[in-house]
Novice: 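First the structure, then my questions, so here it is.
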Amino acid sequence: MAETLARDILARNLDSVIQRIEQARIAADEHRIVKLVVVSKYTTLENVRTLYELGQRAFGENQVQQLSERMHETDDLPLEWHMIGRLQKNKINKLIEAEPFLLQSLDSVELAEALDKRLEAKDRTMPCLLQINSAREASKTGASPEAALDVWDEIAERFPRIRLEGVMTIGAHTTDEATVRRSFETTRKIFDSLQSKGAKICSMGMSGDFELAILCGSNMVRIGSALFRT
Ligand SMILES: *Cc1c(COP(=O)(O)O)cnc(C)c1O
């Protein structure tokens, strides 16, 4: 699976993804900027370096260990690294030491409390997105849509070292487009309600659904497999 691809293949895939993002963006709102975060969890470090040479700057990993290793291995490059996967409490210190650009997967008040405590001890802050379980799936963590606004307020009030910058969701796990769309629209509504409280990022859309996510209001997409096809 983790295969190092030739530069021209990566260039072709990146161009194709960027063009598709651009088409959806213009169809949705020509004044919106949509940021691409390349998810490198299933690919090689060499591919990350090649994508950097092709102009890509933002990358995401879903495990603290690999995130931290890759941040070290690329510290000669001006990359920004995002943590996008479930954060276990016993990995919090390692994540803080790594200093990611953004933790996208802050999924509960409990996690926020544990994170804030360690941040305080280290006199640090961390930019985060509140993860929304927009399709109410048992397999996923995140605030339920009903609770999301209260969870945001509670984290903002109680945990000053967590800097909430927006929301993140993973679209409903189904091939039924209407259901996926509903999960994105639910998240978009929550994002809109939170903009007056400082929410700027609405991270939604992966390889299989990023155009739909952009049409529903996403301004950050997290794309892995579509970039690493041969
Ligand atoms: C793996 C992953 C992605 C990217 O998924 P692809 O389908 O490979 O584009 C995006 N977001 C999260 C949270 C992920 O774990």
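Because the structure is predicted, anything quoted here is derived from the model rather than measured. Note that ligands are numbered from 1 as they come in the structure, with each ligand's atoms numbered from 1 the same way.
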Novice: I'd like to check the side-chain hydrogen bond (donor to acceptor under 3.5 Å, both in side chains) partners of Arg57; sequence neighbours left out, ordered by chain and number.
Specialist: none
Novice: If hydrophobic residues (ILVMFWY) are linked whenever their side-chain heavy atoms come closer than 4.5 Å, directly or via other members, who joins Met168 in its cluster?
Specialist: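 For the cluster that includes Met168, the remaining residues are Val37, Phe101, Leu102, Leu129, Ile170, Ile201, Met206, Met220.
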Novice: Does the distance from a Lys or Arg side-chain N to an Asp or Glu carboxylate O, for Glu30 and Arg25, drop under 4.0 Å?
Specialist: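 Arg25 and Glu30: not salt-bridged.
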Novice: Keeping to residues at least two apart or across chains, list the salt bridge (Lys or Arg N to Asp or Glu O under 4.0 Å) pairs with something in residues 59-68.
Specialist: Glu61-Arg70
Novice: Heavy-atom contacts with ligand 1 below 4.0 Å: which residues, ordered by chain and residue number?
Specialist: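 Residues near ligand 1: Val39, Lys41, Ile84, Ile170, Met206, Ser207, Arg222, Ile223, Gly224, Ser225.
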Novice: Are the charged groups of Arg182 and Glu185 less than 4.0 angstrom apart, N to O?
Specialist: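 No, Arg182 and Glu185 are not salt-bridged.
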Novice: Hey, any chance Tyr52 and Leu227 share a hydrophobic cluster, counting ILVMFWY side chains that come within less than 4.5 Å of each other, even indirectly?
Specialist: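 In one cluster: yes.
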